[in-house]
Every structure is written in C-alpha cells, then in structure tokens.
Protein chains: 2
Amino acid sequence: MTPRRDTLPGRTTLPVIGQPPAERADAARNRRAVLAAARTIMVNDGVDALCMDRVATEAGVGVGTVYRRFGDRAGLAYALLDDDEQRFQAAFLFGPPPLGPGASPVVRIRAFLHAYVDRLDTHARLLALAEAQSPTARYGNGAYRTYRTHLIALLTLADAKADATYLADALLAVLGGGLFLHQRQDLQFSTDRIKIGLDQLLTGLAPTPALLPSSVG
Amino acid sequence: MTPRRDTLPGRTTLPVIGQPPAERADAARNRRAVLAAARTIMVNDGVDALCMDRVATEAGVGVGTVYRRFGDRAGLAYALLDDDEQRFQAAFLFGPPPLGPGASPVVRIRAFLHAYVDRLDTHARLLALAEAQSPTARYGNGAYRTYRTHLIALLTLADAKADATYLADALLAVLGGGLFLHQRQDLQFSTDRIKIGLDQLLTGLAPTPALLPSSVG
DNA sequence: ACGATAACCGGAGTACTCTCCATATACAAC
DNA sequence: GTTGTATATGGAGAGTACTCCGGTTATCGT
C-alpha cells in the first residue's frame with residue numbers, strides 16, 4: 001500500500017477527484033511518435049502492415065510503450081481515427097440538420113447512416129482491423145457506445161413501440177467494417193447501393209412519406 | 001510437370017473428371033482424431049482453449065496435419081459444426097413448413113431467423129471464433145453462402161422491388177456471432193427479445209398481417 | 001536545488017497461428 | 001510381391017500480439 005498522491009501532507013491545491021494526473025511530457029512525446037509512425041506505415045505499406053513491433057521500432061520506442069499507450073492493436077487503430085471521430089460525433093450531436101438537431105428523428109437517422117457509409121468508405125480497413133480484435137471488441141469501444149446511444153434516442157422518438165435498444169445494434173451491425181469490405185470488394189456494390197439498401201431497412205422500421213427514395217445524397 | 005493420373009497408360013477404369021480422389025485411410029483416421037480431440041478440449045476447457053498446437057498434440061498428430069485437413073482455425077470450427085449444419089440446411093431447404101417449402105416467403109424467412117437464433121444460442125462462441133478469423137472470413141464460408149442464396153430467393157419472392165441481395169447480407173449481419181454474444185452476455189437479452197427484434201426488422205421489410213406478433217415461438 | 005515518488009520505459013519472454021519441405025506411407029497397376 | 005506415384009506427415013521455424021518487470025525519469029513539494 002502506497003499513500004495516495006492527493007492525501008499527501010502539505011498539498012496546497014485541492015485534489016481533483018476522478019481526474020487522472022496530466023500526461024507526462026515524455027509519455028506525450030512517445031504517443032505522438034507512435035501515431036506518426038503508424039500513419040507513415042499505413043500510407044506506405046497499407047493497413048495490413050500495421051504490426052506493433054514495427055510501429056514501435058519506427059517510432060523509436062519499445063513495444064511495451066505502444067501497449068501502455070494504446071492497450072492493443074484495436075486501440076491503436078481507434079486512436080488513428082480519433083480526429084475523424086471527433087468531427088463525426090460533433091456533426092451528429094451538435095452540427096446542422098439533417099445530421100444534427102433540428103430535423104425529424106427519421107431524417108436524422110437516415111443522415112447518420114449515410115454519413116457512416118461515407119466514413120466507412122475511407123476507413124473500412126482500419127475499422128475492420130479493430131473489429132477483428134475479438135468477437136465483442138466493437139461493442140465496448142467508446143465511439144460505438146456513442147453511436148448506439150444516439151440511435152436509441154432517435155429510434156425511440158421515431159417509434160415508441162419499437163425495441164430501440166435492439167434496433168440500434170442491428171443497424172450498426174449492418175455497418176460493420178467486415179461487411180462493408182465484402183460489399184465493396186467482393187460484391188462490387190457502390191456506396192449508393194448500400195445507402196439505398198439502408199433506406200429500405202429504415203423505411204420499414206419507421207415509415208415516413210418524405211423519406212421515400214428520390215435521390216440518395 | 002508430372003503426368004496426370006488419368007492419362008497414365010494401361011488405366012482400365014474411366015477417369016472421373018472433377019472429382020478429387022477419395023481420402024486416404026490414414027488421412028481419414030487423422031481427421032477423426034483431430035475432431036475428437038477438439039471436441040474433448042472444448043467440453044473440458046471451453047472454446048477459448050481450442051488452439052491448434054494443443055489440438056494437434058492431443059490428437060497425436062503434427063500441427064501441419066491439422067492445417068492440411070482444416071485449413072485454419074475457422075475451418076476447424078466449421079468442421080466441428082458440420083453435423084448441425086447439415087441438419088439445419090436440410091430443414092430449411094427440404095423440411096416441413098414453416099421453415100421448409102410450403103409456407104409463404106415471409107413466414108419462411110421469419111422461421112429461418114428464429115431457427116438461426118436458436119442455433120446461435122448453442123454455438124455462438126464457436127461461430128464467433130470462426131468469424132473473427134479475418135474481417136471477411138464469414139462471407140466466403142460455404143454455409144454462409146447457402147444462407148445468403150436462400151434468403152435472396154425468399155426476399156425476392158416476398159418483395160420484387162427490394163434489393164434482396166443487399167437485404168440478405170443485412171439480415172445475416174444482425175445474426176453475427178459476436179453481436180449475439182454481446183446481446184446475450186453484456187446486454188442480458190433473452191433469445192425471445194432477439195427474435196422479436198428480428199420480427200420488427202422483417203415486418204418493415206415485408207409487411208404481412210399474419211406476421212404481427214402474437215407469440216414468438 | 002533536491003529528494004521522494006509515481007509514472008514511464010524497453011525489450012526479453014510467452015503463446016499462438018500458420019508455412020514449408022524432407023521424409024514417409026497408402027494405394028493402384030502389374 | 002514389387003514398384004511407381006500421388007498424397008500425407010510432422011515438427012522446426014517465421015511472424016505477430018501481448019505481458020512482465022527491473023531500471024529510469026519526470027514532476028512536485030519543499
């Protein structure tokens with residue numbers, strides 16, 4: 001048992017409960033170096049070349065440091081997407097309609113699904129990597145839980161009788177990285193076809209005249 | 001270049017084109033030994049204990065033999081499910097309604113989804129293992145392709161205007177092993193709740209008065 | 001400046017999947 | 001039986017994810 005920092009005698013500032021101490025300067029430097037190395041590898045040799053040993057070597061740190069910072073391979077993948085993630089979440093939580101508040105729930109769900117497809121088109125390989133970490137890895141991820149909460153709220157508003165909790169996960173399952181790769185690469189689907197397919201699912205769940213397909217944008 | 005067996009001089013029986021030669025006796029014996037060892041490990045120590053080295057050792061063969069027979073870990077998992085798989089496919093292809101021919105397309109789809117959930121309840125861990133092999137591993141599997149073809153046919157009959165090819169994969173995505181484990185373990189869903197959720201998806205896709213929820217069985 | 005201490009570091013070590021290929025074996029033809 | 005050949009075998013080895021822990025360093029209060 002070591003004494004806790006915020007019970008040390010002589011402390012002059014109030015302890016902040018629940019907030020971990022700020023990241024140390026060397027740790028921050030290493031974190032940036034690892035992310036930079038990972039991005040370089042990805043650009044040069046593709047997502048599949050992202051292996052932890054190599055990232056560590058090219059970042060000039062030990063492999064233990066990579067794991068300390070990012071937990072595991074999936075954690076590194078999500079960290080690489082963090083900028084996009086922040087922007088995406090801001091857009092559907094606080095941005096302008098139809099994605100953000102202001103539009104009707106069904107319109108917002110549809111906008112969310114379409115925006116997610118566009119995101120997948122850029123990042124599917126990295127997301128698929130992260131999802132493959134373990135069978136249930138995807139569901140524990142913070143970003144996933146945010147999507148889920150968002151969809152549950154909108155689905156509940158759209159149809160109080162539906163099992164929104166179930167349907168949120170169901171919609172997100174159809175947006176899995178592995179399935180998307182299959183659709184785009186093996187089946188040669190366009191992203192528009194995928195969006196139209198999602199519209200069909202959504203129309204069934206929460207029919208709205210205004211939603212019936214005219215254009216996909 | 002070695003001469004092909006069926007062009008050897010002096011051959012007295014007609015060559016059978018496209019049919020690989022029968023499995024050699026030693027190979028068959030080893031295949032059975034590997035499957036038996038895998039089942040024993042699974043029963044004693046759980047699905048997670050299924051590692052190729054251990055299976056090989058307990059079957060009394062080299063690890064190379066396991067890979068020759070089953071390709072990879074996912075292949076071994078699917079082989080362990082083969083008996084159930086045969087029965088399930090026979091049921092929805094040739095069995096009695098509502099699963100087999102005779103019932104309306106929508107009723108058959110619903111019966112398929114419910115039967116699949118029951119199957120997941122027994123085998124989700126093993127299926128999740130196989131699906132985690134690679135992001136797109138699931139879609140190349142023969143069983144998956146059979147389900148897919150079956151659902152495409154039924155969905156097309158149910159609604160000629162829908163994109164049955166898209167929707168078949170979408171429904172199967174909602175039946176993924178990883179998602180099922182998440183629903184059952186983390187969210188504590190009952191199988192009935194999952195079936196009702198699937199009904200909601202399906203009702204939206206192909207409304208049928210007779211399908212509206214009375215009981216789940 | 002300077003300890004005390006908590007946080008961090010690196011890389012050897014473990015465990016696992018999958019490949020390769022020199023050797024061994026089963027089977028068919030005679 | 002003998003022989004020829006396709007097929008099977010097994011285990012060493014490569015590649016990779018992840019853990020562990022003795023040693024190091026940044027940071028804070030004095």
Side-chain angles (χ1 to χ4, degrees), chain A residues 1-16 20-31 33-34 38 41 45 47-77 129-130 132-134 137, chain B residues 1-16 19-34 38 41 48-77 129-130 132-134 137:
Chain A
M1 279 304 238
T2 50
R4 296 199 3 241
R5 157 184 268 183
D6 52 15
T7 59
L8 287 178
R11 193 183 169 95
T12 53
T13 57
L14 283 175
V16 181
E23 186 179 45
R24 243 169 62 170
D26 52 348
R29 192 181 342 114
N30 282 337
R31 199 195 63 240
V34 167
I41 292 172
D45 297 359
V47 170
D48 291 341
L50 262 190
C51 65
M52 303 300 260
D53 280 6
R54 185 169 167 196
V55 169
T57 303
E58 301 205 8
V61 303
V63 69
T65 298
V66 180
Y67 279 93
R68 158 174 294 274
R69 291 288 112 199
F70 301 101
D72 58 15
R73 221 159 95 93
L76 179 58
L129 184 90
Q133 181 75 15
S134 92
Chain B
M1 281 306 234
T2 51
R4 300 202 0 243
R5 157 185 268 183
D6 52 15
T7 58
L8 286 178
R11 194 184 170 94
T12 53
T13 56
L14 283 176
V16 182
Q19 238 183 41
E23 185 180 46
R24 245 168 61 171
D26 51 348
R29 191 180 345 111
N30 282 337
R31 200 194 63 240
R32 283 190 298 269
V34 167
I41 292 171
D48 291 340
L50 261 190
C51 66
M52 303 301 259
D53 281 5
R54 185 170 167 196
V55 170
T57 303
E58 299 204 8
V61 304
V63 70
T65 298
V66 180
Y67 280 92
R68 158 173 292 272
R69 291 288 112 199
F70 300 101
D72 58 15
R73 220 157 97 93
L76 178 58
L129 184 90
Q133 181 76 16
S134 92

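A note on names: the letters A, B, ... follow the listed sequences, proteins ahead of strands, and every chain is numbered from 1.
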B:G64 or B:D26: which one's nearest nucleotide on DNA chain C is closer to the 5' end? B:G64
Between D:dG15 (P) and A:L50 (CG): distance, integer Å: 18 Å
Between CD of B:Q133 and C1' of C:dC16 the distance, given in whole Å, is 12 Å
Starting at atom CZ of B:F70, determine the distance to atom C1' of D:dT9, rounded to an integer number of angstrom. 15 Å
Are any of B:R69's side-chain N or O atoms less than 4.0 Å away from OP1 or OP2 of D:dA8? yes
Closest listed nucleotide, where the reference is the side chain of B:R73 and the choices are D:dC18, C:dT17, D:dG10: C:dT17
When the nearest nucleotide of DNA chain D is assigned to A:Y67 and to A:R29 on a heavy-atom basis, which residue is associated with the more 5' position? A:Y67
The reported gap from CD in A:Q133 to CG in A:D72 (rounded to nearest 0.5 angstrom) is 4.0 Å
Think A:N30 has a side-chain N or O under 4.0 angstrom from the OP1 or OP2 of C:dC9? yes
Decide yes or no on side chain to side chain contact (heavy atoms under 4.5 Å, CB included) for B:R54 and B:T57, but give the supporting numbers first. CA-CA 5 Å; B:R54 185 170 167 196; B:T57 303; 5.7 Å; no
Is any side-chain nitrogen or oxygen of A:T65 closer than 4.0 Å to OP1 or OP2 of C:dG10? yes
Of all the nucleotides listed (D:dC18, C:dC18, C:dC16), which has the minimum atom distance to the side chain of B:C51? C:dC16
Whole-Å distance, A:E23 CD to D:dT25 P, equals 19 Å
Less than 4.5 Å apart, any side-chain heavy atom of A:I41 and any of A:E58? yes
With heavy atoms under 4.0 Å as the rule, sort A:G60 into base, sugar-phosphate or nothing. sugar-phosphate
Approximate separation, where rounding is to 0.5 Å, of A:L50 CG and A:D45 CG: 9.5 Å
Considering just the side-chain nitrogens and oxygens of B:R24, establish if one lies under 4.0 Å of OP1 or OP2 belonging to D:dA8. no
Nearest to the side chain of A:M52, heavy atoms from C-beta on, is which of C:dC27, C:dC18, D:dA17? D:dA17
Where the side chain of A:A27 is defined as all heavy atoms beyond and including C-beta, which of D:dA26, C:dC8, D:dT19 is the nearest nucleotide? C:dC8
Is any side-chain nitrogen or oxygen of A:R68 closer than 4.0 Å to OP1 or OP2 of C:dG10? no
For atom CG of A:D48 and atom C1' of D:dA17, their distance in whole Å: 15 Å
Using a cut-off of 4.0 Å on non-hydrogen atoms, how would the nucleic acid contact of B:L76 be classed: base, sugar-phosphate, or nothing? nothing
If you round to the nearest 0.5 Å, how far is CZ of A:R73 from CG of A:L129? 4.0 Å
What nucleotide among C:dT17, D:dG10, D:dA12 has an atom nearest to a side-chain atom of B:D53? C:dT17
Specify the separation, in whole Å, of atom CG of A:D72 and atom P of C:dA15. 20 Å
